[in-house]
*Asks:* 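So that we are looking at the same thing, I have put the structure below in structure tokens.
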Amino acid sequence: MTKGNNLHSRAVDLIPGGNSLLSKRREMFAPDQWPAYFENAKGIMVTDLDGNKYRDFSHFSVGTNTLGYGNKIVNEAVYSCIKKGNMSTLNAPEEVYLAERLVKMHPWASMAKFARSGGEVNSMAVRIARSYTGKSKIAFCGYHGWHDWYLSANIADKKNLDSQLMTGLSPVGVPKELANTAIPFQEGDLNKLEEILSKGDVAAIKMEVMRSKAPTKKYLSDIRNLANKYDALLIFDECTSGFRATFGGLHLKYGVNPDIAVLGKALGNGYAITTVLGTQAVMTASQSSFISSTFFTERIGYVAALATLDEMERLKSWETISQKGASFKKRIVSIGKKYKLALNVTGMDALVCYNFKKIDALAAKTFVSQEMLKEGFLAGNLFYPSIAHSEKDTEYFFNALEKVFKKLSKIIKNKEDISNHLEGSSCHATFKRLN
Ligand SMILES: Cc1ncc(COP(=O)(O)O)c(C=O)c1O
């Protein structure tokens with residue numbers, strides 16, 4: 001029994017689901033082999049509790065570290081903050097410096113509020129929109145976190161959220177009275193959006209600017225116009241997209257301004273800090289609602305974000321990671337073709353998603369994770385490039401992946417069941433209760 005397996009078996013009895021984030025459950029990769037816990041993480045190298053080292057070519061802590069794990073410059077800023085003190089009765093000045101910095105990056109915005117998770121800032125944005133407009137409903141597209149307002153979409157129809165990012169989410173525990181207050185529309189479906197808006201009482205259109213397919217400027221402008229026409233606010237959730245393809249949000253590239261934008265994930269390069277940015281009118285009106293929390297004021301998040309923004313800007317990290325992701329896409333398509341494995345490759349270049357087509361996709365994904373672990377890689381079906389993924393690392397990765405694709409293609413050619421080649425159970429596709 002490895003130390004990781006041992007700890008995991010204790011975890012499932014102590015922590016519902018075994019941990020606090022679905023995307024980091026070993027069941028999402030290779031349920032019986034994935035190492036589950038790390039001792040160290042530096043650059044792209046992750047060391048597990050048993051001393052095994054892996055290059056991380058998977059979802060890289062779900063996109064929090066575009067500057068690599070344990071980035072020296074960000075860490076030094078954090079160490080000096082710890083030396084000075086990270087908490088006191090008085091406020092951290094860096095809260096103001098960060099607000100100034102973010103507002104300067106987003107000329108359409110005038111004010112910022114901070115929190116610690118993406119779900120929180122999304123909830124905050126919804127609260128602000130409802131308090132500003134006096135209306136209740138939210139028309140949304142994409143994934144926006146675990147809070148009641150979002151899960152309530154599945155009360156009216158338990159499959160409402162299935163076609164967004166995650167399937168199988170249950171609204172159990174969410175008041176039934178929230179039914180029909182959050183109404184989904186599909187990426188690109190302006191007709192459905194207008195249908196929702198025309199029924200009235202919509203406080204905001206809330207959407208990821210991009211998940212799987214790049215939008216057109218016209219699409220985003222049409223949405224902006226619909227928001228204006230129906231007196232709803234436009235909220236862009238750039239928690240994931242914010243620092244991947246651009247510095248501060250895809251909407252800056254498209255030149256379409258929301259009333260509110262939320263940013264998270266990579267903002268502090270792994271340290272917890274998220275933000276709601278908004279126009280003066282909207283953010284000022286939010287003061288009539290109560291939004292306040294002790295750890296919103298903690299200093300490390302602000303300090304880490306300021307250092308991260310400086311470093312991202314200095315390195316133009318969003319350009320580098322987009323180039324790395326674009327070349328990754330080309331290479332994976334090419335080895336897929338070479339071994340006759342049909343792949344569906346989607347997502348922005350700086351967040352690559354690849355799925356197997358025509359075969360048992362879950363078993364194939366598990367097989368890849370299982371075999372890549374043996375080659376010294378953390379790999380799933382997502383790749384979030386960071387500036388720390390060197391060309392050499394990428395060469396090693398594709399050499400290993402070719403070997404694995406070759407094995408997989410042989411299994412398929414021999415008409416064998418991929419599951420028979422798994423050394424444990426198959427990964428989960430979605431949220432499942434574990435214990
Ligand atoms: C677009 C988007 N919004 C919100 C969230 C929720 O963020 P968090 O997990 O930090 O609560 C995520 C997380 O994946 C996300 O991708």
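All ligand and atom numbering here is 1-based and tracks the order in the structure. Keep in mind that the numbers below use all heavy atoms, side chains included, and drop hydrogens, waters and symmetry copies. These figures come from a predicted structure and were not determined experimentally.
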*Asks:* For a quick check under 3.5 Å, do K24 and S61 share a side-chain donor-acceptor pair by atom type?
*Replies:*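 Short answer, yes.
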*Asks:* Compute the minimum heavy-atom distance from R211 to ligand 1 and say whether it is under 4.0 Å.
*Replies:* yes
*Asks:* Please report whether atom 9 (O) of ligand 1 has a protein non-hydrogen atom at a separation of less than 4.0 Å.
*Replies:*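 Protein heavy atoms within 4.0 Å of atom 9 (O) of ligand 1 - there are none.
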*Asks:* Determine whether F140 and Y150 satisfy the following criterion, ring-ring contact (aromatic ring centres under 6.0 Å, His included), listing intermediate values before the conclusion.
*Replies:* CA-CA 9 Å; F140 73 91; Y150 183 69; 5.1 Å; yes
*Asks:* Are any of the N or O atoms of K265 closer than 3.5 Å to those of ligand 1?
*Replies:* yes
*Asks:* So, K324 and D393, do they make that salt bridge, N to O below 4.0 Å?
*Replies:*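 Looking at K324 and D393, the cut-off is not met.
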*Asks:* Look only at interatomic distance and state if E208 has a nitrogen or oxygen under 3.5 Å from any nitrogen or oxygen of ligand 1.
*Replies:*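 So ligand 1 has no N or O lying under 3.5 Å from an N or O of E208.
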*Asks:* Which residue owns the protein heavy atom closest to atom 4 (C) of ligand 1, what's the atom, and how far is it?
*Replies:* N122 ND2, 3.4 Å
*Asks:* Considering only the protein, which heavy-atom contact is closest to atom 7 (O) of ligand 1, and what is its distance?
*Replies:*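 The answer is G118 CA, 3.3 Å.
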*Asks:* Regarding R101 and D310, does a basic nitrogen lie under 4.0 Å from an acidic carboxylate oxygen?
*Replies:* yes
*Asks:* Tell me the protein heavy atom at minimum distance from atom 5 (C) of ligand 1, and give that distance in Å.
*Replies:*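 For this ligand atom, the closest protein heavy atom is Y143 CE2, 3.7 Å.
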*Asks:* Could you list which atoms of ligand 1 come closer than 4.0 Å to a heavy atom of H144?
*Replies:*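 Heavy-atom distances to H144 below 4.0 Å select 3 (N), 4 (C).
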*Asks:* Are Y69 and D56 close enough that some pair of their side-chain heavy atoms sits under 4.5 Å apart?
*Replies:* yes
*Asks:* Can you check which of G119, G242, C239, S123 brings a heavy atom nearest to atom 11 (O) of ligand 1?
*Replies:* G119
*Asks:* Q323 and T320: side-chain donor and acceptor closer than 3.5 Å?
*Replies:*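 The criterion, which ignores hydrogens and geometry beyond distance, is not satisfied for T320 and Q323.
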*Asks:* By number and element, which atoms of ligand 1 are closer than 4.0 Å to a non-hydrogen atom of T240?
*Replies:* 15 (C), 16 (O)
*Asks:* Relative to the ring of H251, is the ring of F236 parallel (under 30°), tilted (30 to 60°) or perpendicular (over 60°)?
*Replies:*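 Ring orientation, 0 to 90° scale: tilted.
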*Asks:* When you measure from atom 2 (C) of ligand 1 to each heavy atom in L351, D237, T274, V62, which option holds the nearest one?
*Replies:*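 Answer by nearest heavy atom: D237.
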*Asks:* Looking just at side-chain N and O atoms, do N122 and K206 make a donor-acceptor pair shorter than 3.5 Å?
*Replies:* yes
